[in-house]
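Here the structure is laid out as structure tokens; the discussion comes afterwards.
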Amino acid sequence: MPSTKTQIAGFPFENCLMNAAGVACMTIAELEEVRLSQAGTFVTKTATLEARAGNPEPRYQDVPLGSINSMGLPNQGLDYYLDYLLELQEKEPNQTFFLSLVGLSQEETHRLLKQVEESEFKGLTELNLSCPNVPGKPQIAYDFETTETILKEVFSYFTKPLGIKLPPYFDMVHFDQAAAIFNQFPLAFVNCVNSIGNGLYIEDESVVIRPKNGFGGIGGEYIKPTALANVHAFYQRLKPEIQIIGTGGVLTGRDAFEHILCGASMVQVGTTLHKEGVAAFERITAELKVIMAEKGYESLDDFRGKLQYIEG
Ligand code: SIN
């Protein structure tokens with residue numbers, strides 16, 4: 001039977017599938033549901049210092065080929081997630097979980113990361129540099145100078161395993177420039193990609209979400225080719241110590257297979273998890289194992305990053 005086990009920063013996971021931050025992770029009840037499912041682990045909703053209500057509703061809409069959202073970082077505040085993770089770590093010392101966070105300013109980001117650094121948290125931290133939905137706050141990772149400054153400052157005090165959640169990039173030069181920055185730092189992983197920011201979905205003559213006159217992050221089937229391109233572009237450019245988490249357009253085992261083929265060590269499920277619930281993990285895992293068995297692959301290492309090109 002093929003195995004979908006994986007590891008990130010040396011932490012082992014029984015399965016390479018998990019939720020994407022933003023889906024099934026706002027409350028402890030939701031996180032527990034993911035933890036007790038076939039998912040290999042979970043990531044929390046991106047935490048800010050204080051709890052936030054987020055943008056006005058309706059702010060998330062499933063649509064036929066995916067989803068559109070402008071949630072605006074609603075969350076329970078860092079203490080809520082950190083306290084839960086610290087308790088969980090006592091209860092389940094052999095399991096590792098991801099804590100997602102970002103401040104509403106650079107100062108706040110440093111306060112959050114310093115709190116995590118000073119805590120007993122032993123898991124993986126994901127710094128979200130890509131939320132497209134807070135009015136007036138651009139996606140940080142589209143500003144290379146700011147990104148480099150933040151990472152320089154963060155790694156002057158943060159010693160725990162840290163990764164970053166990235167927006168999609170669309171230009172080879174931007175892949176090169178971003179990778180040159182990330183390669184300067186002891187990042188554990190990059191997560192490619194967050195939603196494609198600021199799309200519009202229209203029904204009849206109207207937008208479908210209230211915030212920002214309907215502009216929102218696009219997820220689901222629409223974004224798989226972009227997500228795969230980002231996973232592979234960073235797999236080709238980053239030093240091998242920086243692992244890739246693939247996120248975007250994972251509806252089936254075939255989609256997860258393609259993310260791994262492009263170089264992902266872990267695969268996150270967002271829109272599909274929202275549409276289908278945690279049963280999606282069991283289904284997608286089973287589908288992935290069937291593909292692996294058909295191809296004679298026993299582990300993810302047998303095909304990770306081995307995307308074939310058309311030569312000549
Ligand atoms: C949101 O809360 O607006 C979504 C978070 C994200 O896209 O990073």
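Indexing begins at 1, ligand by ligand and atom by atom, following the structure's order.
Contact between Lys45 and ligand 1 is present, with at least one heavy atom of the residue lying under 4.0 Å from the ligand. Residue-ligand proximity: Thr46 is placed with every non-hydrogen atom at 4.0 Å or more from ligand 1. Proximity of Pro74 to ligand 1 is established by a heavy-atom distance of less than 4.0 Å. Using a 4.0 Å heavy-atom cutoff, Gly72 is listed among the residues neighbouring ligand 1.
Near Pro132, the atoms of ligand 1 lying under 4.0 angstrom from a non-hydrogen atom of the residue are 7 (O). Those atoms of ligand 1 with a heavy atom of Met71 less than 4.0 angstrom away are 1 (C), 2 (O), 3 (O). Within the listing of ligand 1, atoms 6 (C), 8 (O) sit less than 4.0 angstrom from a heavy atom of Asn128.
Outside the 6.0 Å centre-distance limit, the rings of Tyr142 and Phe170 are not counted as a close aromatic pair. Separation of the Tyr81 and Phe98 ring centroids does not fall under the 6.0 Å cut-off. Taking the six-membered ring wherever Trp is involved, the centroid distance between the rings of His110 and Tyr157 falls below 6.0 Å.
Here the rule is side chain to side chain contact (heavy atoms under 4.5 Å, CB included) with Asn128, and of Leu101, Asn194, Ile140 only Asn194 fits it. For the side chain to side chain contact (heavy atoms under 4.5 Å, CB included) test with Gln268, the passing option among Val23, Asn19, Leu17, Val43 is Val43; the others fail.
On a distance-only criterion, Ser130 and ligand 1 share no N/O pair closer than 3.5 Å.
Residue Asn133 holds the heavy atom nearest to atom 4 (C) of ligand 1 of all those in Asn133, Val102, Val134, Asn194.
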| message | The test is side chain to side chain donor-acceptor pair (under 3.5 Å); show your working for Asn75 and Thr48 and say whether it passes. | response | CA-CA 7 Å; Asn75 76 94; Thr48 50; 2.9 Å; yes
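Contacts between Lys165 and ligand 1, counted as non-hydrogen atom pairs separated by less than 4.0 Å, are absent for every part of the residue.
Side-chain atoms of Glu287 never come within 3.5 Å of backbone atoms of Arg254 as a donor-acceptor pair (strictly under, hydrogens ignored).
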